[in-house]
Amino acid sequence: QVQLVESGGGLVQPGGSLRLSCTASGFTLDYYRIGWFRQAPGKEREGVSCISKGDGSTSYADSVKGRFTISRDNAKNTVYLQMNSLKPEDTAVYYCAATAGYYYCAGYDVYEYEYWGQGTQVTVSS
């Protein structure tokens with residue numbers, strides 16, 4: 001069974017950090033391009049970060065550049081999103097997604113991704 005499971009969300013104060021995990025079962029993440037997306041209440045889903053398959057090149061949305069870091073641990077079949085200096089506007093449900101059909105990260109088109117996790121809530125509030 002092909003499945004993506006996110007974890008690591010929670011409540012954090014502004015300026016704090018969280019590390020989200022995206023673990024795959026039923027397929028090998030290294031052969032997929034992985035994207036992190038988020039969706040706040042009343043807003044469209046937006047792309048946050050991406051890591052390509054193969055060479056592991058990365059990209060970030062302007063809103064998170066310099067604060068978030070995406071990485072991959074092939075031995076654990078897991079992709080991480082390290083989030084530092086969190087702001088209230090980062091509050092959202094965060095999703096990871098996987099696609100085998102695209103190699104490099106170029107934009108954040110949700111329709112390019114075949115597999116999605118169930119999401120994990122991140123709340124940044126004092």
Could you walk me through whether Phe27 and Leu4 pass side-chain contact (heavy atoms from CB on, under 4.5 Å), step by step?
CA-CA 9 Å; Phe27 66 102; Leu4 286 172; 3.6 Å; yes
Roughly how far, to the nearest 0.5 Å, is OG1 of Thr91 from CG of Leu11?
8.5 Å
Electrostatic pair Lys87:Asp90 at N-O distance under 4.0 angstrom:
no
Kindly indicate, with the supporting measurements, whether the criterion side-chain contact (heavy atoms from CB on, under 4.5 Å) is fulfilled by Thr69 and Tyr80.
CA-CA 8 Å; Thr69 303; Tyr80 301 100; over 6 Å; no
Atom pair OH/SG of Tyr60 and Cys50 - distance to nearest 0.5 Å:
10.0 Å
Is the centre of the Tyr113 ring less than 6.0 Å from the centre of the Tyr102 ring?
no
How far apart are the closest heavy atoms of Tyr95 and Glu6, and which atoms are they?
CA-OE2, 3.2 Å
Residues Ser52, Ser57; criterion side-chain hydrogen bond (donor to acceptor under 3.5 Å, both in side chains); working and verdict:
CA-CA 5 Å; Ser52 69; Ser57 56; 2.9 Å; yes
If you count every heavy atom of other residues, nucleotides or ligands that lies below 6.0 Å from Lys43 atom NZ, does the total exceed 12?
no
Glu89 atom CD, neighbour heavy-atom count above 12 within 6.0 Å
yes
Over all heavy atoms of both residues, which pair between Val48 and Tyr108 is shortest? Give the atoms and the distance, please.
O-OH, 3.7 Å
Mind listing the closest non-hydrogen atom pair of Leu20 and Gly9 along with its distance?
CD2-N, 3.6 Å
Ring centers of Phe68, Trp36 separated by less than 6.0 Å:
no
For the pair Thr78 and Ser21, evaluate side-chain hydrogen bond (donor to acceptor under 3.5 Å, both in side chains) and give the outcome as yes or no after the intermediate values.
CA-CA 7 Å; Thr78 298; Ser21 300; over 6 Å; no
Side chain to side chain, Thr123 and Val12, heavy atoms closer than 4.5 Å:
no
A side-chain contact here means heavy atoms from C-beta on lying under 4.5 Å apart; do Val79 and Ile70 qualify?
yes
Quick one: do Thr99 and Glu114 satisfy side-chain hydrogen bond (donor to acceptor under 3.5 Å, both in side chains)? Show the steps, please.
CA-CA 5 Å; Thr99 176; Glu114 297 101 82; 2.5 Å; yes
To the nearest 0.5 Å, what is the distance between OG (Ser49) and CD1 (Ile34)?
11.0 Å
So, applying side-chain contact (heavy atoms from CB on, under 4.5 Å) with Ser17, which one of Arg67, Gln82, Met83 is it?
Gln82
Do Arg38's NZ or CZ and the ring of Tyr94 fall within the cation-pi criteria of under 6.0 Å and 45°?
no
Quick one: are Arg33 and Tyr103 in side-chain contact, heavy atoms under 4.5 Å?
no
Of all the heavy-atom pairs spanning Ala92 and Ala40, show the shortest one and how long it is.
CB-N, 3.8 Å
Neighbour count above 12 (heavy atom, 6.0 Å) for Tyr31 OH:
no
Smallest separation among heavy atoms of Arg72 and Asp30, with atom names
NH1-CA, 3.4 Å
Over all atoms of both residues, closest heavy-atom pair of Asn77 and Leu29:
OD1-N, 2.8 Å
